[in-house]
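Everything on this sheet refers to the single structure shown next.
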Amino acid sequence: MIDSSAIAKALSGIAAHTATASEELCSADGALGDGDLGITVSKGFAEAAGAELPNDVGIALLTVAKAFQRVSSSSYGTLLATGFMAAAKLEKGKTGIAPEDIPGLVAAARDAMMARGKGNLGDKSVLDSLDAVAEALRDTPRGDMIDTAITAAAESIERFRDQPSKLGRARMFGEKSVGLADPGQLAFLRILEGLNGT
Amino acid sequence: MIDSSAIAKALSGIAAHTATASEELCSADGALGDGDLGITVSKGFAEAAGAELPNDVGIALLTVAKAFQRVSSSSYGTLLATGFMAAAKLEKGKTGIAPEDIPGLVAAARDAMMARGKGNLGDKSVLDSLDAVAEALRDTPRGDMIDTAITAAAESIERFRDQPSKLGRARMFGEKSVGLADPGQLAFLRILEGLNGT
Amino acid sequence: MKKILNDPADYVDEMLEGMVAAHPETYAQPVRRVIARAAGAKKGKVGIVTGGGSGHLPIFTGYVGTGLLDACAIGDVFASPSAEQMAEAIRLADGGAGVLRLYGNYGGDVMNFDMAGEMAEMEHDIRTTTVLLTDDVVSAPKEEAEKRRGVAGMVYAFKIAGAAAERGDDLDEVTRIAQKTADACRSIGMALTPCTIPQAGKPTFEIGETEMEMGMGIHGEPGIWRDAIKPADEIAEEMLDRLLADQPLAKGDRISILVNSLGATPAEELYILYRHARKKLDALGVEIVMPLVGRYATSMEMTGATITVIKLDEELESLLKAPADCAFWRV
Amino acid sequence: MKKILNDPADYVDEMLEGMVAAHPETYAQPVRRVIARAAGAKKGKVGIVTGGGSGHLPIFTGYVGTGLLDACAIGDVFASPSAEQMAEAIRLADGGAGVLRLYGNYGGDVMNFDMAGEMAEMEHDIRTTTVLLTDDVVSAPKEEAEKRRGVAGMVYAFKIAGAAAERGDDLDEVTRIAQKTADACRSIGMALTPCTIPQAGKPTFEIGETEMEMGMGIHGEPGIWRDAIKPADEIAEEMLDRLLADQPLAKGDRISILVNSLGATPAEELYILYRHARKKLDALGVEIVMPLVGRYATSMEMTGATITVIKLDEELESLLKAPADCAFWRV
Ligand SMILES: Nc1ncnc2c1ncn2[C@@H]1O[C@H](COP(=O)(O)OP(=O)(O)O)[C@@H](O)[C@H]1O
Ligand SMILES: Nc1ncnc2c1ncn2[C@@H]1O[C@H](COP(=O)(O)OP(=O)(O)O)[C@@H](O)[C@H]1O
Ligand SMILES: [Mg+2]
Ligand SMILES: [Mg+2]
Ligand SMILES: [Mg+2]
Ligand SMILES: [Mg+2]
């Protein structure tokens, strides 16, 4: 069971790793958008890592969502907050997240984020990474989960690299986006790596 | 006697010579002001040279003043127009300018320009050149007049070169103007050279 | 970075503080980065809120005022405000008759405003509606017009919807009129130089010394072509052609036109553009009503201009001409 | 040259044509490069004329309007109009009650306006008076204050003298009030980048990427120091210190203040400057009346700002607040 203190530890790890990756993510976003993604992600996790988390893991996830909301309101921040909020609703009232719940939580986040951002799978966005991870995690044994997730996220980047972006600011770049990794997918990979380090 | 057609010829000569000197005068003015002096002078004389002059040399000079006024309203243009107007008043009703009147006409122009521009002799401006020329021409025989005037104008530039400007835009440059020729004095020398060529 | 500022992190907050201090009869900041009318919400009047990134004055906050907006949530330079701030703006704008969310179609803003609407309905039981500005014809083809981003057309939407709310129309009616205004607006931009986001410290894009970009967005979003700077008349001609291709105009049509500076381009040059636009529209037999020429929607010190054309009917025209008053515009 | 124009030689004429076409209810151009009120001179009212180089909109022509100026002669960019044009402006402004020439102290303008005054009196028997703005404290020491050049203080002079003329004061009274206004104004500027005169095609001066110049004039006239760009608060502090050194203010004094962009500097940054100025004046116990923050006197696309302080008494304050209306400013 993943309790609130494990969540807090995970957030610290992600905050540290995304801070290191901040420049990389900003420049990836700079090539296809406004160049703020590294800041959005690192600021968001720093704020979340600094928040006091209650024992109820649902409320803890809600706290994470709100922290994100507060400091970073670029698309990615709002989408992640939406994802955390969706997971929070499912876990409310529990004191720990069961590992077998995880694929479902990722899928719920994916669906909520699709509804919020009006994006589709295949548009080349973080949604595709979430979908790949949710699928890969089904039937994955507990101990292998994070490795499986990282592999799935990394593969998803490559699968979409040579397609044009159809969502967010990157959409405006059309064919110019072919050959470039979607910044949001890249950020998601770095988030999972940060989680792994903990 | 200098009649209207001689004036017209003189204006053409000056227009041609100041057009050649335009760039030099602009850059001299650029160092101490707004860099438009070459344009002011060449445009003014081109317009004057193109005007139809009546036989009355007073009215002819007035026509010159008005032509100047029309196209160039930077300080130097207005001052020259003022000078021509002062000479026009003295020559009105005549069909030719007597050479012996010339020193007085230059002095009258100088005085009118001092009144118009509220400048003083010694301020390092075209006024000092006019003054030097008016003084030098007194008692100069008719045939030597233009050479004497050119010499006086050239000397006047050097006499003031190492003083700070006290008039017009150049005044703002204070000590930085030391060592530089006053653009208006330089322009006056080029005007006289143009007159000589005719 | 040729900007006048203190710590770049304080750019937005100090700017808002100065703005409210300069015009206390118009603006108040009851919550950090939420600007509301100094007089507060008007009871029984439909509220209109907007929001978006900083750096576009008078857009967005500047248009809070009588006959215009009621409140505005404002983010960092070129960044969306948070849903929380937007929900505050909605709450502050509410006079009991519901609130219209009226803003430009940018992904981040839309997601946050959707969230904010949910929050306001849940927490304060405020009914809200949404109208999105999608006036930039370059940002998506006509078939996907709903994906276009919103630019200077906002000015007309704020003015016209604001007048409808001020005269007492109900929420559905204000929403209908705002949507009708949004549907009647077409805009296009062109840029000559970028601006610098204070916290980034470097220009938003690079462009050659003698180049312009046609169709560029107000945050430096890529346009249609980049080439040597064209004469003003050709620029105006192409911009209008593109607007008219999207929304044809015929003899007798009545429009208003906004020739807007992105910041550095001076009024002198806007009038040079207007001169040609006017000639072209005159030749078409189109009647211009209340033309606007000036800085109505900027990107700080960007050099460039946008042109917006709104096709009017009697309803829109009379609301456009109704009195309005903020620190940047008085009708 | 990042400018929107056609032939540089047509810059001024096309700009004026566009301006009059955009605001025909306010401006007319009865004579080339002379802008007058669309409604013509008001019989029995004292006329107020100004004039100067183009490139400073809304200065000079923009301020023709009710409660402001009656006519304006305008030259090439940064160049004086001719005496002939000025004489035309005087004639157009004349309603039979005489005309005040109210303009900035620049050598060329003064000589031409003096000539124009002589011409108008000789040819049309119009009585004229002159008041020169000399508000730029940096341009000459206090002992030679009459040699100072006029900058944004003009805005206050147009407004206040315009209100006096509009209410029916006679020429001597309007002249007295204009002179009192001029005497009460102090201004100072700072610049970060130059602008480009269309016909010259190159910038008016050069300045390093990280440099600013304190005290620079609106045509690039040299200032007091050039150094690394300072924080906004320090800039505002020094500018105000220099203004207050020239015209001390005490607790209870009432002033208005104009924080003005030279063109490219955005409203955001003007408010950052205003914020500090306001704090400093608050601390002194000085009361600010009707602060103006915006683009009131520009140099096309120059980056930089000017600050003007005018010390008010009851007479000046009530005239400042009187209604006025032109395309750039409505009170
Ligand atoms: N509507 C959307 N739905 C899902 N993902 C999106 C959407 N818009 C953007 N993204 C993702 O977010 C990333 C960009 O995030 P961010 O830099 O915060 O956007 P912006 O700065 O444009 O608001 C994209 O690479 C993409 O993966
Ligand atoms: N008030 C004045 N009285 C006499 N001469 C003047 C005056 N002002 C300027 N000048 C002369 O005119 C020259 C500059 O002319 P010009 O470039 O036309 O001035 P600006 O462009 O500053 O109006 C100076 O070098 C000086 O000789
Ligand atoms: Mg981004
Ligand atoms: Mg962003
Ligand atoms: Mg000059
Ligand atoms: Mg000049």
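Letters A, B, ... are given to chains in the order of the sequence lines, protein chains preceding strands, and every chain is numbered from 1.
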- Message: Can you tell whether the side chains of D:Asp233 and D:Lys280 come within less than 4.0 Å, N to carboxylate O?
- Response: no
- Inter-chain contacts: residues 258-265 of chain C against chain D, heavy atoms under 4.5 Å: C:Gly263, C:Ala264, C:Thr265
- May I ask you to check whether over 12 heavy atoms, not counting those of D:Glu209, lie within 6.0 Å of atom CD? no
- Query: Between C:Met290 and chain D, which part of the residue has a heavy atom less than 4.5 Å away: side chain, backbone, both or neither?
  - Reply: neither
- For D:Glu301, the salt bridge (charged side-chain N to carboxylate O under 4.0 Å, His left out) test, sequence neighbours excluded, returns D:Lys3
- Query: Is there a donor-acceptor pair closer than 3.5 Å between any side-chain N or O of C:Glu317 and the backbone N or O of C:Leu312?
  - Reply: no
- Item | Aromatic ring proximity C:Tyr63/C:His56, centre distance under 6.0 Å | no
- Parallel under 30°, tilted from 30 to 60°, perpendicular over 60°: which one fits the rings of C:Tyr296 and C:Trp329? perpendicular
- Item | Distance, nearest 0.5 Å, that separates OG1 of D:Thr204 from NE2 of D:His219 | 10.0 Å
- Query: Counting heavy-atom pairs under 4.5 Å to chain C, which of D:Pro231, D:Ala22, D:Pro291 comes out on top?
  - Reply: D:Ala22
- Is a donor on one side and an acceptor on the other found under 3.5 Å between the side chain of D:Lys2 and the backbone of C:Glu211? yes
- Taking only heavy atoms into account, what residues of residues 5-21 of chain D are found under 4.5 Å from chain C? D:Leu5, D:Asn6, D:Tyr11, D:Glu14, D:Met15, D:Glu17, D:Gly18, D:Met19, D:Ala21
- Any sub-3.5 Å donor-acceptor pair from C:Thr26's side-chain atoms to C:Gly65's backbone N or O? no
- Under the ring pair (Phe, Tyr, Trp, His ring centres under 6.0 Å) rule, collect the residues that match up with C:Tyr274, sequence neighbours excluded. none
- Query: Quick one: of C:Arg295, C:Lys279, C:Lys230, who has the most non-hydrogen atom pairs under 4.5 Å with chain D?
  - Reply: C:Arg295
- Among C:Met300, C:Met1, C:Glu268, which has the most heavy-atom pairs under 4.5 Å with chain D? C:Glu268
- Task: Please flag which part of D:Ile4 lies under 4.5 Å from any non-hydrogen atom of chain C: side chain, backbone, both or neither.
- Result: both
- Return yes if a side-chain donor-acceptor contact under 3.5 Å exists between C:Tyr156 and C:Thr308, otherwise no. no
- In this structure, SG of D:Cys326 is separated from CZ of D:Phe158 (nearest 0.5 Å) by 10.5 Å
- So which part of C:Arg278 gets closer than 4.5 Å to some heavy atom of chain D, the side chain, the backbone, both or neither? side chain
- Query: Checking heavy atoms, do the side chain of D:Leu273, its backbone, both or neither come under 4.5 Å from chain C?
  - Reply: side chain
- When you measure from the side chain of C:Glu234 to the backbone N and O of C:Glu238, does any donor-acceptor pair fall under 3.5 Å? no
